[in-house]
Amino acid sequence: MNDAPVTAASVRKDLLAEQADLDAVVSTLESAQWELATPSPSWSIRDQIGHLAYFDRAAAAAIVDVDRFRIMRDELIEHLGDPAGADAATLSATRAMAPGELLEHWRKSRRELADAAATLADDTRVEWYGPSMGSKSFLTARLMEAWAHGQDIADTVGVERSATDRLRHIAQLGYITRGWTYVNRGLEMPEEAVRVELNAPSGDTWVWGPAAADSTVRGTALDFCLVTSQRRHVADTGLATQGHAAADWLEKAQLFAGPPSDPPPPAGHRDQG
């Protein structure tokens, strides 16, 4: 059940483990593989890692050097609504690096974030690109990014990653952003509550939502995280929904910030249209 205490220190520990697992994947890649296209439009594997490095450094600055972070934030905000401009602002430096140099750059960025995160108390608030965030939510967002972009890389090179109970952080984020999914699209969220019951990798059961809810989502934590992070279409997973509210949500679920984004089409429709 969902009874283990979550602290900034425990999320930091899981973040470091998630980053290390991804490092183990990319550190074995040949130079040519860093240029492979990933499921993220226009992004190669090098761009996935460059993106993580940029925002890990930004996150470290947000914790320990707010003035430097505000400069980074203002520079990026200038490119809102312009994906090419945003990519130029965040990826131009890493696109010029050799793979080995980029890997070391990401490792240095991770160390900066790890050192900064070690100073966070559970009640600390951190400035970010939108509203400030509590320390636990802030680090959870970094963990989610490492896991989700790591999934794009794993899918690209055909690596099967082992699911861990670190997914609990991402599943929690997936559940609490149900409302955001609708607000971000300018839509009214169905009034019905949704209960989510997930089988954790460890064999535990994770539950969110009222027991009396008519709408439910049941399945593995991995599938739920893949769907809410838009790495899989719900039809390509074993998730079972009951009720309109649950089905409607998972058709458009988006746990991450940014403009509205659609999940990938079902596997049988990806080469059509």
Side-chain angles (χ1 to χ4, degrees), residues 6-29 33-34 36 38-40 43-63 72 90-91 94 99 102-118 120 126 128-129 133-157 159-174 176-177 200-201 221-232 254-258 261:
V6 177
T7 65
S10 68
V11 183
R12 175 184 177 274
K13 179 181 178 181
D14 285 347
L15 168 61
L16 297 183
E18 195 63 45
Q19 292 170 329
D21 276 3
L22 177 54
D23 192 306
V25 173
V26 297
S27 63
T28 65
L29 299 180
Q33 291 179 291
W34 285 77
L36 293 174
T38 68
S40 296
W43 276 13
S44 63
I45 288 177
R46 77 157 48 247
D47 291 334
Q48 299 277 358
I49 296 299
H51 173 87
L52 291 175
Y54 180 91
F55 285 101
D56 285 346
R57 290 184 65 236
I63 297 169
M72 296 177 72
T90 58
L91 299 175
T94 52
L102 173 53
L103 181 57
E104 288 305 316
H105 172 69
W106 177 47
R107 288 170 174 168
K108 180 180 179 181
S109 301
R110 286 157 44 196
R111 288 194 296 270
E112 290 178 10
L113 176 54
D115 291 344
L120 290 173
V126 183
W128 199 231
Y129 291 90
M133 301 175 71
S135 57
K136 291 180 284 187
S137 296
F138 184 76
L139 296 179
T140 295
R142 299 311 311 144
L143 189 156
M144 179 277 294
E145 284 265 304
W147 177 83
H149 291 290
Q151 187 64 50
D152 290 340
I153 293 170
D155 287 342
T156 299
V157 297
V159 171
E160 190 73 26
R161 300 191 298 175
S162 297
T164 74
D165 274 12
R166 295 192 297 270
L167 291 175
R168 177 181 170 183
H169 301 292
I170 303 166
Q172 166 82 9
L173 187 60
I176 66 176
T177 52
L222 175 60
D223 280 348
F224 184 73
C225 293
L226 288 169
V227 169
T228 55
S229 66
Q230 296 191 349
R231 265 55 192 181
R232 296 287 188 276
Q254 179 178 336
L255 62 72
F256 49 86
S261 177

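Each residue takes its place number in the sequence, starting with 1.
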4.5 Å side-chain heavy-atom contact, Leu36 and Ile153 = no
Okay, side chain of Ser10, backbone of Val6: is any donor-acceptor separation there less than 3.5 Å?
-> no
With Phe256 via ring pair (Phe, Tyr, Trp, His ring centres under 6.0 Å) - residues at least two apart | none
Here the pair of heavy atoms bringing Arg57 nearest to Ser109 is CG-OG, 3.0 Å
Show your working on side-chain contact (heavy atoms from CB on, under 4.5 Å) between Asp223 and Arg232 and close with a plain yes or no.
-> CA-CA 8 Å; Asp223 280 348; Arg232 296 287 188 276; over 6 Å; no
Kindly write out the residues that satisfy ring pair (Phe, Tyr, Trp, His ring centres under 6.0 Å) with Trp34, not counting sequence neighbours, or none if the list is empty.
-> none
Where His105 and Thr94 come nearest, the two heavy atoms and their spacing = CD2-CG2, 3.7 Å
Using side chain to side chain contact (heavy atoms under 4.5 Å, CB included) as the criterion, point out the one residue from Thr156, Asp152, Thr38 that pairs with Trp43.
-> Thr38
Examine distances only and state if a side-chain atom of Arg168 and a backbone atom of Ala200 form a donor-acceptor pair shorter than 3.5 Å.
-> no
So, Ser261 and Gln230: side-chain donor and acceptor under 3.5 Å apart, yes or no?
-> yes
Closest approach of Ala148 to Arg231 (non-hydrogen atoms, all atoms of both residues) | O-NE, 3.3 Å
Would you give the length of the straight line joining atom CD1 of Ile176 to atom OG1 of Thr140, rounded to the nearest 0.5 angstrom?
-> 8.0 Å
Asp14 vs Leu139 side-chain heavy atoms within contact, under 4.5 Å = no
Under the side chain to side chain contact (heavy atoms under 4.5 Å, CB included) test, which residues partner Ser135, sequence neighbours left out?
-> Ala8, Leu120, Thr124
Could you give the distance from NZ (Lys108) to CG (Asp56), rounded to the nearest 0.5 Å?
-> 13.5 Å
Considering all heavy atoms, the nearest Trp147-Ser229 contact = CZ3-OG, 3.4 Å
Measuring from Gln19:CD to Arg111:CZ, what's the distance to the nearest 0.5 Å?
-> 11.5 Å
Any idea which heavy atoms bring Cys225 and Ala171 closest together, and the distance?
-> SG-N, 3.6 Å
His169: what forms a ring pair (Phe, Tyr, Trp, His ring centres under 6.0 Å) with it, not counting sequence neighbours?
-> none
Here the gap from Arg12 atom CZ to Asp115 atom CG, rounded to the nearest 0.5 Å, amounts to 7.0 Å
Point-to-point distance, once rounded to the nearest 0.5 Å, from CG of Leu22 to CZ of Arg110 | 7.5 Å
Would you call Arg107 and Asp23 a salt bridge, using N to O less than 4.0 angstrom?
-> yes
Please work out whether the ring planes of Tyr129 and Phe55 are parallel, tilted or perpendicular, with thresholds of 30° and 60°.
-> perpendicular
CG-CG distance between Leu167 and Leu143, expressed to the nearest 0.5 angstrom = 9.0 Å
Compare every heavy atom of Arg46 with every heavy atom of Ser44, then report the nearest pair and how far apart it is.
-> OG-CG, 2.9 Å
Residues in side-chain hydrogen bond (donor to acceptor under 3.5 Å, both in side chains) contact with Asp21, at least two apart in sequence or another chain = Arg166
Do His51 and Glu145 have side-chain heavy atoms sitting under 4.5 Å apart?
-> yes
Under the side-chain hydrogen bond (donor to acceptor under 3.5 Å, both in side chains) test, which residues partner Gln33, sequence neighbours left out?
-> none
